[in-house]
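Here is the structure we will look at, set down as structure tokens.
Note that the structure is predicted; figures quoted are calculated from it, not measured.
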Amino acid sequence: VPYVLWNLLILCLWAFAQWLPATSGILPTAGKRVADFGAWDYANALFGMTGYPIAYQLWFIRDLMLLMLMAPLLQLASKRVPNLVSLVLLLAWLTETWPLGIPAAAGVVVFYGGVRLAWSPGAPERLDRFAPPFLFLYAGYLIAFAWLPARMSAHAWGMFGLVLGGAAVIFLTRALVRHAR
């Protein structure tokens, strides 16, 4: 319900901004005006059925809701062939060969990674031994990115940085939580 309400609010604000003469000229001209929307256009704007919802930032929430519906399938995969599923998802994400538009590869990889961690007893603590190499690699990645931004702009390098950065954040926050201050 909040997802639909936020998208509806943005849709109304967009329509209002298109209607007002003072703001209609500063809006992008590509695409339909909200006043000319049909039923499919409204559904697509609210739910993001062929792309992003009108409140773009909520695509991740939409994907989370879809993945919750797919939870039994993800649970089965994580029990039967967890490493294979992890490898296939990760490669599809890194190589941009993900066959689906919705849910997005990034959301599926992140959520499936969470499922894998949840099903592995003691997994977060066991992963702490890899913290120093990950932090070292991430520091090296950041230095390389700062010195060679054009060469580091390839998709695979960006995804590699996201994986390292996500791991670094998890390791650092776990280290901070251990200290009372």
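Summarising the geometry, atom CZ belonging to Arg62 is positioned 9.5 Å from atom CG belonging to Leu58; distances are rounded to the nearest 0.5 Å. For the atom pair CG of Leu87 and CG of Asn83, the computed distance is 8.5 Å after rounding to the nearest 0.5 Å. Note that OH of Tyr112 is 11.0 Å distant from CD of Gln75, once rounded to the nearest 0.5 Å. With rounding to the nearest 0.5 angstrom, the CG atom of Leu94 is 9.5 Å from the CZ atom of Phe160. For the atom pair CG of Leu162 and CH2 of Trp93, the computed distance is 5.0 Å after rounding to the nearest 0.5 Å. Rounded to the nearest 0.5 Å, atoms CG (Asp41) and NZ (Lys32) are 3.5 Å apart.
Aromatic ring centres of Tyr42 and Phe47: separated by at least 6.0 Å. Aromatic ring centres of Tyr56 and Tyr52 lie closer together than 6.0 Å.
Residue Ala55 comes nearest to Ile10 through the heavy atom pair CB-CG1, 3.8 Å, listed as atom of the first residue, atom of the second, then distance. Between Ala104 and Trp98 the shortest heavy-atom distance is C-NE1, 3.8 Å. Listed here is the closest heavy atom pair of Thr23 and Ala17: OG1-O, 2.6 Å. Across all their heavy atoms, Thr95 and Leu91 have their closest contact at OG1-O, 2.5 Å. Considering every non-hydrogen atom in both Val85 and Ala77, the closest pair reads CG2-CB, 3.7 Å. Listed here is the closest heavy atom pair of Ala45 and Asn7: O-OD1, 4.0 Å.
Residues Leu100 and Met70 fall within the same hydrophobic cluster, defined by Ile, Leu, Val, Met, Phe, Trp and Tyr side chains chained together at heavy-atom separations under 4.5 Å. Both Val34 and Leu8 are members of a single hydrophobic cluster when ILVMFWY side chains are connected at heavy-atom separations under 4.5 Å. Residues Phe60 and Leu66 do not share a hydrophobic cluster, clusters being chains of Ile/Leu/Val/Met/Phe/Trp/Tyr side chains in contact below 4.5 Å. Ile61 and Phe111 fall into different hydrophobic clusters, where Ile, Leu, Val, Met, Phe, Trp and Tyr are joined by side-chain heavy atoms under 4.5 Å apart, directly or via other members. Both Met49 and Trp14 sit in one connected hydrophobic cluster of ILVMFWY residues. Membership requires side-chain heavy atoms under 4.5 Å apart, directly or through other members.
In the displayed structure, Trp59 atom CH2 is contacted under 6.0 Å by more than 12 heavy atoms of other residues, nucleotides or ligands. In the displayed structure, Phe136 atom CZ is contacted under 6.0 Å by at most 12 heavy atoms of other residues, nucleotides or ligands. Residue-environment remark: CZ (Phe37) exceeds the threshold of 12 foreign heavy atoms within 6.0 Å. Other residues, nucleotides and ligands place more than 12 heavy atoms under 6.0 Å from the CH2 atom of Trp40.
Of the listed residues (Trp147, Phe145, Tyr141), just one forms a side-chain contact (heavy atoms from CB on, under 4.5 Å) with Ile143, and that residue is Trp147.
Listed for the Arg116 side chain is no donor-acceptor partner under 3.5 Å among the backbone atoms of Ser86. The closest donor-acceptor contact from the side chain of Asp63 to the backbone of Gly107 lies at 3.5 Å or more, if one exists at all.
Looking only at side-chain heavy atoms (C-beta outward), Leu142 and Leu164 stay at 4.5 Å or farther from each other. At a threshold of 4.5 Å between non-hydrogen side-chain atoms, the residues Leu64 and Met68 count as touching.
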